[in-house]
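Heads up, the thing below is written out as structure tokens.
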Amino acid sequence: MPPGLQLALPALVLGGAALVVWFAGAGGLRIGRPLVAASAWLALASLCLVWFAARGSVELAGPQLLPGARFTLRLDAVSFAFGLCVLLPAALLLTFQRRGWRESGAAALTTAAALLATLAGGILTTSLFWGTAATLLLVQLRADHERATEVYWPALVGGWLALVWAGVALDITSGTAVYTAVPVTAMTSAIFLLVAAAALLGSGLLPWRPWTSEMWDRPRLYVGSLAVAVLFPIGFYLLVRAYAAGGGRWPSPWLNATLAVAGALVALAAAARAQAAPTRRAFLAEAVPGLGGFALLAFALGTPTGITAGVLTVLTASVLAALLPLLPETGSPLLAAILVVLVAGAPPAATFGARALTVEAGIEVGDGWAFLGVAAALAWLLTFAGGARALRLPVRGRGGEPGGSAAGAGLAAGILLAGGAGLGVVISRICVPATAEVIGVPPGSIGGGSAAVLTTAGAWAAVALGLPLLLLAVVPALAGRRAPAAGVAADSPPPLLTAPWTDRPARFGRRLAALRVPDEYRSLFNPRAIEAAMGRGQPLLWALLLIALAVAVNR
Amino acid sequence: MTVLAIAAVVIAWLGGAFLVLSDARRGVALGVALYAIGLAATLYNIPPAALALGLAGLGAAALRLRDGPPRWGTLPPGSTPRLLLCVVSGVLAAFAGASILAGPGPAPVRIVILLGGAMGAARLLSTLRREAALASTTVMTLALGAAAAVAGDRAAPTVVAAAALAAVLLGVLPAAETKARGA
Amino acid sequence: MPWEDIGAHVLALLAYPGALTMCALGLAAEIGAAWALVPERGGLGAAARNTLRALRPRSREVPPLAASAVILALAAATQLAAPLNPVPPAERNSLVAAAGLLGASWLTWSWGWGRRAAAPQVMLAVQACWLLAVLLPSIEPGNLRPQALGAVVLGNQVPLKLACGLLYLAALPGLLMLLPESAPLGPPGAGRARAPEETGFTVVRALLWLPYCGLFSSLFFPAAEGPLGVLRFLLATAGAAAVAIAIAANLTRRPAGITRVLYLRLALPFAGFAVLVAALTVALVH
Amino acid sequence: MGPELALGLPAAGAVLAAVLRRRPALALLCGGLLGLAGALMMALLAYPAAQASLLGLSLPAAPRGLLLVSALALGLVVALAPPQADRVGLLAAGLAGLAGLAAVAAAPDVLAVGVVVALLAAGHAALPGRLPFPTRMRAPGLAVALLLAGALLQHAGDAPVFARLSALALVLALVAAAGLVPFLPELDPAEPASASPVAWTGFFGPALAVALVARIQPGLGNDGAPVYGALLVGLGVLNLAWGTLGAWLGEGDVAAWRYSFLADWGLALVGLGVLVPDGQAAAYLVLASVLLVRFPLYLWARPVLLGRAQPAMGPSNVLLAAALAGAAPFAGFSVRVLLLRAATEVYWPLALVLGLGMLVWLAHSFRLARTLGAPRGRAAVGVVLALGFSVLLGVAPATFLTLGGL
């Protein structure tokens with residue numbers, strides 16, 4: 001057995017399950033959902049087992065796919081953290097969402113590809129598996145419904161092409177595109193910009209409505225939600241690996257500043273869209289992009305606290321991405337509590353911890369960065385307001401698909417709530433090691449061990465305060481089950497803020513489409529006329545063409 | 001010798017002109033035949049090539065006589081542009097072959113090859129008659145063979161033989177269009 | 001398991017500066033506010049009776065949203081730089097307090113959206129001003145611990161702290177739901193609650209007095225230990241509450257709509273000015 | 001006499017298939033066996049023992065590899081052709097083409113290539129079709145004339161201008177022979193696939209291009225090489241833009257398919273033009289994917305294109321759309337990696353232009369995939385095989401690259 005083959009185990013479990021499900025399904029044995037769900041949890045367990053058993057990084061060197069593109073897998077603290085980001089929501093969704101056996105198999109295979117993208121040791125291997133996961137998801141999305149794939153596909157392929165270009169450029173300049181082997185000087189600003197473009201497009205980190213939000217426009221959520229859950233973390237994985245390739249920093253502080261501003265903008269824009277959402281679904285659609293903005297800001301800070309906050313935020317967002325599509329669409333007061341406490345992020349939820357740690361990281365750096373932290377806090381406030389308004393919004397039915405799963409939503413909500421109390425454990429066991437893998441972490445910069453999170457700027461007594469709050473939260477949780485549903489308005493209440501720029505992209509697109517070549521020049525730009533001339537093969541035309549080219553090449 | 005060379009070039013040009021100016025089997029066949037004779041004559045110092053290409057050209061011309069409209073069809077109404085093309089290509093080929101190109105082979109062969117290529121291509125690109133298109137391709141193939149012969153590469157005999165064979169095969173192809181069947 | 005730490009936090013949550021203290025101070029503040037805002041209903045006794053009637057539960061059921069808001073308010077209270085607070089100073093965080101208070105407030109709004117004269121836009125503006133007033137002073141020291149921020153009273157931070165202090169005080173009436181536009185349950189002394197949840201949220205408002213006003217004194221006044229420190233803290237807290245009631249009393253006597261104009265046209269630009277001051281302070285320091 | 005057999009066996013197969021067309025089963029059997037024998041011979045030519053030739057012919061590795069791929073593609077389309085298709089005609093024409101391509105690959109110089117192209121073009125144009133013979137002869141006829149001009153200029157003298165003009169003529173000859181912009185032949189949607197210009201672009205073109213390049217490149221010299229490279233890159237970008245936009249916005253699905261071939265060719269021309277090994281490898285893979293994926297899929301789309309079947313967009317069509325869009329893990333992955341790498345090595349803005357072209361590429365893939373309808377029977381098997389080849393080209397391109405000696 002080649003060394004490091006155990007790395008492929010989680011993906012093999014999922015891939016094997018997909019094949020078994022398809023063969024069994026073809027033979028009339030409908031065991032798709034339970035088998036795939038079990039395989040997802042098994043893959044999660046095996047990932048943890050391999051990581052904790054190895055007590056260090058493990059590598060698997062495969063064959064050379066292409067010049068500069070060797071198939072390599074690497075399990076270290078970073079890939080472990082991001083592997084969890086992919087597997088945890090996928091396991092929840094595959095367990096609690098209803099799928100046919102064909103869809104279950106495809107979903108398992110997609111999860112395996114996405115997992116391999118986060119376990120990949122080099123940019124080109126990541127691009128291969130990332131592209132594969134995106135393709136598999138496209139097939140499932142289009143097989144279900146055409147809607148919202150018009151944005152998804154170009155964004156993903158654009159990001160993928162940018163990543164491929166970055167990979168080959170890195171390989172040309174340094175002779176390798178393996179994250180841990182790239183010389184520090186090879187990661188230039190230009191190459192990093194390509195990686196950043198891939199990350200922003202792939203994870204939907206844009207100030208306007210990204211594909212992660214548009215997935216919620218689909219009549220059924222079971223494919224779109226999986227797409228968000230498994231593809232969203234990969235962009236951030238690239239940004240973290242860029243730190244490793246750059247020797248603990250990005251090529252220029254301006255790049256950090258630019259992405260930090262972009263992160264704050266993304267968070268603010270998502271919050272602005274959330275508070276103006278016409279339906280509750282439209283509000284939920286902005287939750288993951290909003291957290292994505294926080295994560296981008298945190299990563300761009302480039303400090304140990306920042307990167308730790310970033311990893312924590314992505315981990316939290318990935319669980320949230322599983323919770324939201326599982327929420328039953330009711331008007332229960334308990335749902336209001338979930339919208340405000342879990343989605344917007346109030347103590348002791350992990351969504352609160354992630355946002356708080358990001359703002360703290362900004363304040364800790366000081367100067368202009370702190371103002372970005374304050375901007376993120378304002379986005380947080382807007383999300384709170386949107387959460388309060390969301391309970392009044394009309395519920396958008398889920399087409400043919402039955403409403404979410406109370407059990408699944410309960411489990412995911414429990415994980416998020418408990419995550420706040422266990423934040424110390426998550427940070428000290430998952431996030432800080434991932435940070436230490438890519439940049440130096442001075443001792444004590446993030447203290448508190450498993451009980452609390454202590455940074456220079458602030459603290460969160462995870463166990464000491466979070467645990468009692470968690471116990472107290474049982475009271476409203478029990479009370480909420482008997483309470484009457486809140487009255488939902490027939491039409492949505494007016495938004496708190498009307499952003500003047502929301503319709504700009506559409507207007508720009510319309511203007512662009514309205515552009516016309518002036519009549520007197522139209523024949524010059526008429527491809528059909530040019531083709532007809534080519535097809536007729538007039539000797540004079542070709543003679544002129546040849547003469548023109550002959551003159552051109554001899555100038 | 002020079003007179004013979006000039007005469008050969010003129011005969012080849014006449015062949016090309018007949019090819020360009022004729023819309024029926026006899027004119028086209030005469031064009032191919034004259035061009036083949038002229039070409040063979042200019043290749044007198046490479047007898048095997050001259051023989052192969054000359055005979056192939058004459059064979060192709062003879063085969064062309066078997067189908068297509070049974071008349072000369074030379075200089076039909078509206079041929080002035082074609083006439084102009086013949087004159088211009090003749091002059092240009094003579095100028096380029098004699099004073100611009102330094103090879104391959106002697107100037108008369110170069111001129112004849114250029115005439116074959118230029119007039120054959122011009123006819124092929126402008127005609128809608130199958131027999132004329134086939135004859136033009138034949139002429140270009142003969143020119144290719146001649147160029148290979150004078151270029152004097154190691155594989156020249158093979159190429160000349162291939163060109164001669166191709167010319168005959170092109171002659172074998174019928175002039176009647178066959179309509180499509182199936183998908 | 002850090003049992004000692006857990007014990008300290010539970011004590012802070014349930015006794016001081018948590019539930020018990022919040023109830024005592026909140027009740028007093030509610031009565032005072034009711035008396036100041038609706039004097040035509042009679043003297044202090046009448047205001048006390050009104051307040052107690054409004055706080056009496058209508059049914060045995062625990063209103064879930066209000067209960068959640070109460071928990072968040074308790075969490076916020078534990079973060080105050082109150083003297084004798086059992087929570088270790090290193091573990092206090094004004095951001096935790098802010099998040100708790102924002103959560104409590106918007107839980108109230110998720111119930112109260114569209115009720116009475118409540119105007120969420122005004123509330124959002126008020127909270128934006130308040131959040132800036134809480135966070136801007138922490139930029140230069142790079143610290144969010146209340147006692148650390150309160151200790152910085154001299155030097156080039158003074159203009160910023162003044163601006164933020166004013167902003168904080170201006171926001172208090174809205175935050176404490178003393179104005180019709182910011183109180184879906186109606187301002188203090190508005191009369192009997194109409195629904196169990198409304199009673200719950202009246203309780204929430206009563207519990208919010210200490211966290212909001214206490215956070216003001218924590219952020220803008222240096223903490224001192226011992227009885228004198230407690231007295232100073234209580235005085236500053238009561239002073240902030242009194243200013244809030246005074247502003248609210250003044251605004252409720254003015255024509256309808258003045259509150260909206262004041263917060264949207266005056267407080268928000270002033271918040272922008274505070275941001276400018278913060279930027280200048282940072283620029284001057286470096 | 002390996003090369004002679006590699007050339008002669010398919011030719012004999014073509015003749016037999018044409019002669020026995022009244023008895024289709026026998027024609028398919030004989031033609032198939034002889035074609036298979038020819039392909040086997042081509043494969044054996046990888047071994048020195050089989051390379052001995054009576055006429056001094058030789059088959060270089062790269063064209064030989066693509067010839068084998070062409071043979072494989074021919075086998076695929078004949079064995080799994082749609083029910084309405086004339087399989088015997090397809091096999092006869094294909095084998096004749098294969099023999100012609102083998103002759104082109106074995107041709108000792110450009111002039112010989114010209115002779116074979118003339119014969120191949122005339123043979124193809126003589127096939128029963130809807131457009132007249134002269135119309136179908138135009139583009140390849142021009143290619144023959146340009147090959148003649150290029151070869152003459154190669155021997156015209158030592159002046160740099162001759163080298164540059166020769167390179168120009170030879171590159172344009174390649175483009176004209178493959179039927180690309182600016183020598184786009186007229187297209188009649190109802191024309192039988194075997195007789196339409198798509199046969200040049202999709203079947204004859206790839207092996208012809210690689211063979212021609214193998215003959216052209218050694219004789220370029222220092223003055224010709226820059227012109228050769230720049231022209232190929234320029235025409236490649238032109239075809240990429242024309243093909244992607246045309247396939248997206250053009251009227252008619254047949255035209256869209258033809259444009260999609262142009263887009264593939266655009267990438268191939270750029271790969272050939274950048275003159276670095278990665279570029280050559282990328283071009284080789286693109287042309288292989290044209291033969292093994294796009295051309296067979298076009299043939300299986302014919303029933304819908306001719307209105308005999310309904311278009312559809314099932315899961316298999318979406319998978320095909322992804323494959324046609326060049327997404328990972330299909331052929332597009334390796335091609336894009338190699339091409340972007342080559343372009344970045346040579347001149348990075350070129351990579352940017354290619355990236356934009358590849359992005360616009362997406363727009364037409366779904367349109368094309370719809371025209372495959374709901375594949376049934378042989379077509380379904382064919383679609384699965386084409387997707388399999390595409391994945392193989394994407395994740396294990398080394399198999400094909402070693403076949404072409406790259």
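Protein chains get the first letters and strands the later ones, always in sequence-line order, with residue 1 at the start of each.
- You'll find the side chain of A:Trp153 stays beyond 4.5 Å of the side chain of A:Arg142, heavy atoms only.
- With a 4.5 Å cut-off on non-hydrogen atoms, D:Leu168 touches chain A through its side chain but not through its backbone.
- Between D:Phe333 and A:Trp160, the two ring planes are tilted [angle within 30° to 60°].
- For A:Leu546, the parts lying near chain D are the backbone and the side chain together; criterion is any non-hydrogen pair under 4.5 Å.
- Annotation: maximal heavy-atom pairing with chain A below 4.5 Å, among D:Met313, D:Glu186, D:Arg164, D:Glu345, occurs at D:Arg164.
- Put simply, the side chain of A:Arg99 does not reach to within 4.5 Å of the side chain of A:Val36, judged on heavy atoms.
- The two atoms that bring A:Ala186 and A:Leu170 nearest to each other are O-CD1, 3.6 Å, heavy atoms only.
- With D:Trp361 as the aromatic partner, D:Arg336 meets the cation-pi criteria of under 6.0 angstrom to the ring centre and within 45 degrees of the ring axis.
- For the set D:Phe330, D:Tyr259, D:Trp348, the entry with the most heavy-atom pairs within less than 4.5 Å of chain A is D:Tyr259.
- Contacts between D:Pro315 and chain A at a heavy-atom distance below 4.5 Å involve backbone atoms as well as side-chain atoms.
- With a threshold of 4.5 angstrom between heavy atoms, D:Val161 approaches chain A through its backbone and through its side chain.
- Shown here for D:Trp248 and D:Arg367, the closest heavy-atom pair between the two residues is O-NH1, 3.3 Å.
- For chain A, no part of D:Leu401 is nearby; none of its heavy atoms comes within less than 4.5 Å.
- If you measure heavy-atom distances from D:Leu319 to chain A, the contacts under 4.5 Å come from both the backbone and the side chain.
- Interface residue D:Ala351: backbone and side-chain heavy atoms are both found under 4.5 Å from chain A.
- Side chains of D:Asn317 and D:Arg370 form no contact here, defined as non-hydrogen atoms less than 4.5 Å apart.
- Contact annotation for A:Leu128: both backbone and side-chain heavy atoms come within less than 4.5 Å of a heavy atom of chain D.
- Looking at A:Leu138, both its backbone and its side chain come within 4.5 Å of chain D, counting heavy atoms on both sides.
- For a residue to count as touching a neighbouring chain, one of its non-hydrogen atoms must lie under 4.5 Å from one of that chain's; by this rule A:Leu124 touches chain D with backbone and side chain alike.
- Considering only heavy atoms from C-beta on, A:Ile234 comes within 4.5 Å of A:Thr118 through its side chain.
- Using a 4.5 Å cut-off between heavy atoms, D:Leu184 contacts chain A through both its backbone and its side chain.
- Residue D:Leu142 touches chain A through its side chain alone, counting heavy-atom pairs closer than 4.5 Å.
- Between D:Pro182 and D:Val175 there is a side-chain heavy-atom pair separated by less than 4.5 Å.
- Looking at D:Leu245, there are no atoms closer than 4.5 Å to chain A (heavy atoms on both sides), in backbone or side chain.
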